[in-house]
Amino acid sequence: MRYLRQFGANGKDYLMNEEKMKRKQEERKIREINNSLKYLSSPVQKEIGILAVQEQDNVFLCEDKMYKKVYTVRPAVLKNKKNELIKALCNGFHNRIRFTQILKNNGDKLGNYMFMTVNFEAETYYEARKKITEFENKLRMEITSILNIDIQTCTLDSLLSYIIWNYSGRMQQIDTGQLFTSKTGLHFFDTCKDRGIGRFSVDGNYGIVCIGKTYPDEMPDVTTMFAKQKATYQICVDFQSYSPEDKEIYQLVLNRRYCNEKYEADKENIVNMSYFLIAIRNDSEQLENLAEFIFDYYDSKNILIMPAVDRAKEIYLSTSSLGMRDFHSMQNADIQTISSLFM
């Protein structure tokens, strides 16, 4: 109004030009953020499941407009806070979150590493970036600082090294420039062979992939098993809490399905979960003995797990890549079940 009183019609033009300039600056900023993604070569995209990366923010664009960010978690610090962390994540966010835990029991000690992969669905990186910033601010202010849990961002270089290490058991540095220029792929996963009935082999090692199916109402801790049998284990738990809108739809579907009885869904703890357990030995006969032990152990806990028939390789590559190659099989569960499945 000051410009209108001082300059009349010219003041109005000035305000319009100023708004137009601001709008153009905002549009330029959005374009710059979206264009900051760097796309991988087509063969590499197909191989590791990553379409593009934002190297400064350590964000990975994967299929289905899903942006992913990977964090490292220190299990030693987590200890007895597992249930509190899962509950806080489910109450605070509706993203699909994956915990991948790598356990290496060599007979003398149990090595333990953990990763958290968070999915952000968005049409553009500009939108995803806002969601990621909000997530990380809330994670820091309301969860990690209160529970005193150390969660750190995983860089592109580290992610590639961890993927190879998870897959083959050896650490290897990768020239990240190959991601964008290779015309033949990086051949990360060439040696993995599906052997049927949930088994696979890779680089002289033999593995079995199990899918969790049913769990008891009172979920016991099943992690003591990993200290008893020498092997490398990969534990993969995806979970996603229902948004209020999804809960309402879910309630309507239940009532329609069970129309003769009133079915009340738990308003607080409706969570979708996917659970995979992978065990690896360097001898096929030892693996079969280990598989028998695993199935007997879970059966004694009233938990039904089954071999991932025709899916072993696909799931192993998904867990090894920390969810960059996506595979999950979701079902309803509760927070206590989720936190009891990993150490």
Side-chain angles (χ1 to χ4, degrees), residues 58-59 67-103 110-121 131-154 158-159 162 166 212 215-227 233-244 246-247 266-277 301 303 318-319 322-323 328 330-343:
N58 298 298
V59 176
Y67 293 84
K68 304 187 181 189
K69 192 157 184 178
V70 181
Y71 305 85
T72 57
V73 184
R74 291 182 60 194
V77 177
L78 193 56
K79 290 185 178 178
N80 298 323
K81 301 173 185 176
K82 293 186 299 180
N83 198 64
E84 292 177 77
L85 175 60
I86 299 298
K87 186 175 182 179
L89 290 171
C90 288
N91 290 340
F93 308 106
H94 301 301
N95 307 67
R96 180 159 63 88
I97 298 173
R98 168 178 291 200
F99 275 103
T100 306
Q101 188 167 36
I102 311 298
L103 300 169
L110 187 65
N112 189 353
Y113 310 86
M114 184 178 285
F115 307 89
M116 181 176 78
T117 305
V118 185
N119 294 265
F120 302 89
E121 189 173 2
K131 291 182 178 182
I132 292 168
T133 300
E134 291 171 3
F135 173 88
E136 292 186 333
N137 287 340
K138 192 172 184 179
L139 179 71
R140 183 178 63 256
M141 298 290 292
E142 300 182 14
I143 299 179
T144 58
S145 62
I146 294 173
L147 296 179
N148 196 26
I149 295 171
D150 187 24
I151 296 178
Q152 300 291 331
T153 297
C154 187
S158 296
L159 177 72
Y162 283 133
N166 294 341
Y215 309 90
D217 292 335
E218 295 295 326
M219 183 67 186
D221 189 304
V222 297
T223 60
T224 56
M225 181 196 77
F226 303 116
Y233 302 95
Q234 292 186 359
I235 304 165
C236 179
V237 182
D238 280 79
F239 60 92
Q240 182 172 20
S241 64
Y242 280 65
S243 67
D246 289 339
K247 285 183 181 180
D266 187 330
K267 299 297 183 185
E268 298 297 325
N269 293 320
I270 301 177
V271 182
N272 262 193
M273 181 195 76
S274 174
Y275 173 58
F276 303 128
L277 170 64
K301 304 290 185 179
I303 299 169
S318 179
T319 58
L322 302 176
H328 56 282
M330 307 294 269
Q331 63 186 95
N332 284 344
D334 57 42
I335 291 167
Q336 181 62 46
T337 296
I338 296 169
S339 61
S340 298
L341 291 170
F342 61 89
M343 293 188 77

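- Side-chain atoms of Ser158 do not come within 3.5 Å of backbone N or O of Cys154 as any donor-acceptor pair.
- Around CG of Asp217, the count of heavy atoms belonging to other residues, nucleotides or ligands within 6.0 Å does not exceed 12.
- Annotation: the span from Leu159 atom CG to Thr153 atom OG1 amounts to 12.0 Å, rounded to 0.5 Å.
- Here the closest heavy-atom approach between residue Thr223 and residue Ser340 is recorded as CG2-O, 3.9 Å.
- For the pair Ser241 (side chain) and Cys90 (backbone), a donor-acceptor distance under 3.5 Å is present.
- Counting only heavy atoms from C-beta outward, the side chains of Lys81 and Asn148 approach each other to under 4.5 Å.
- Between the side chain of Gln234 and the backbone N or O of Ile102, no donor-acceptor pair lies under 3.5 Å.
- Put simply, the side chain of Thr144 gets close to the backbone of Leu139: a donor and an acceptor are under 3.5 Å apart.
- To the nearest 0.5 angstrom, Asn272 atom CG is 5.0 Å from Asn332 atom CG.
- The aromatic rings of Phe99 and Phe239 sit parallel, their planes meeting at an angle under 30°, below the 60° perpendicular limit.
- In this view, Ser145 satisfies the side chain to side chain donor-acceptor pair (under 3.5 Å) rule with no residue, not counting sequence neighbours.
- Annotation: side chain of Tyr162 is in contact with side chain of Thr72 (closest heavy-atom distance under 4.5 Å).
- Every residue two or more places apart in sequence or in another chain that forms a side chain to side chain donor-acceptor pair (under 3.5 Å) with Tyr275 is listed here: Tyr298.
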Ile143 and Ile149: side chain to side chain contact (heavy atoms under 4.5 Å, CB included), yes or no, with the steps? CA-CA 8 Å; Ile143 299 179; Ile149 295 171; 5.5 Å; no
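- One distance of note links CZ of Arg98 with NZ of Lys68; it measures 7.0 Å at 0.5 Å rounding.
- Judged by distance alone, with hydrogens and angles left aside, the side-chain atoms of Lys138 form a donor-acceptor pair with the main-chain N or O of Gly92 at under 3.5 Å.
- With values rounded to the nearest 0.5 angstrom, Thr133 atom OG1 is found 11.5 Å from Phe135 atom CZ.
- Pairing each heavy atom of Tyr113 with each of Gly111, the nearest pair is CE1-C, 4.2 Å.
- Of all non-hydrogen atoms in Met330 and Gln240, the two that sit nearest each other are CE-N, 4.2 Å.
- Side-chain contact between Val271 and Asp334 is absent, with no heavy-atom pair separated by less than 4.5 Å.
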Step by step, work out the side chain to side chain contact (heavy atoms under 4.5 Å, CB included) result for Ile151 and Arg140. CA-CA 9 Å; Ile151 296 178; Arg140 183 178 63 256; over 6 Å; no
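- Geometrically, Lys82 engages Phe342 in a cation-pi contact, judged by NZ or CZ lying under 6.0 Å from the ring centre and within 45° of the ring axis.
- Taken to the nearest 0.5 Å, the OG1 atom of Thr319 stands 7.5 Å off from the CG atom of Asn166.
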Would you please test Asn83 and Ser339 for side chain to side chain donor-acceptor pair (under 3.5 Å) and show each step? CA-CA 5 Å; Asn83 198 64; Ser339 61; 3.0 Å; yes
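- Heavy atoms only, all atoms of each residue included: Leu110 and Phe226 are closest at CD1-O, 3.8 Å.
- A donor-acceptor pair is defined here as one N or O able to donate and one able to accept, closer than 3.5 Å; no such pair exists between the side chain of Lys301 and the backbone of Pro220.
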Using the rule given for side chain to side chain contact (heavy atoms under 4.5 Å, CB included), can you reason through Phe120 versus Val59, listing the C-alpha separation, both sets of side-chain angles and the distance that settles it, and then say yes or no? CA-CA 10 Å; Phe120 302 89; Val59 176; over 6 Å; no
For a side chain to side chain contact (heavy atoms under 4.5 Å, CB included) check, start with the C-alpha distance between Asn95 and Lys131, then their side-chain angles and the critical distance, and finish with the verdict. CA-CA 10 Å; Asn95 307 67; Lys131 291 182 178 182; 6.0 Å; no
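- Expressed to the nearest 0.5 Å, how far CD1 of Ile86 lies from OG1 of Thr337 amounts to 11.5 Å.
- Nearest heavy-atom pair across Leu277 and Met225 is CD2-CE, 4.2 Å.
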Using side chain to side chain donor-acceptor pair (under 3.5 Å), reason through Tyr215 and Gln331 one step at a time and then give a plain yes or no. CA-CA 11 Å; Tyr215 309 90; Gln331 63 186 95; 4.6 Å; no
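- In terms of heavy atoms, Gln336 sits closest to Met219 at O-CG, 4.2 Å.
- Side chains of Gln152 and Asp150: a donor on one and an acceptor on the other come within 3.5 Å.
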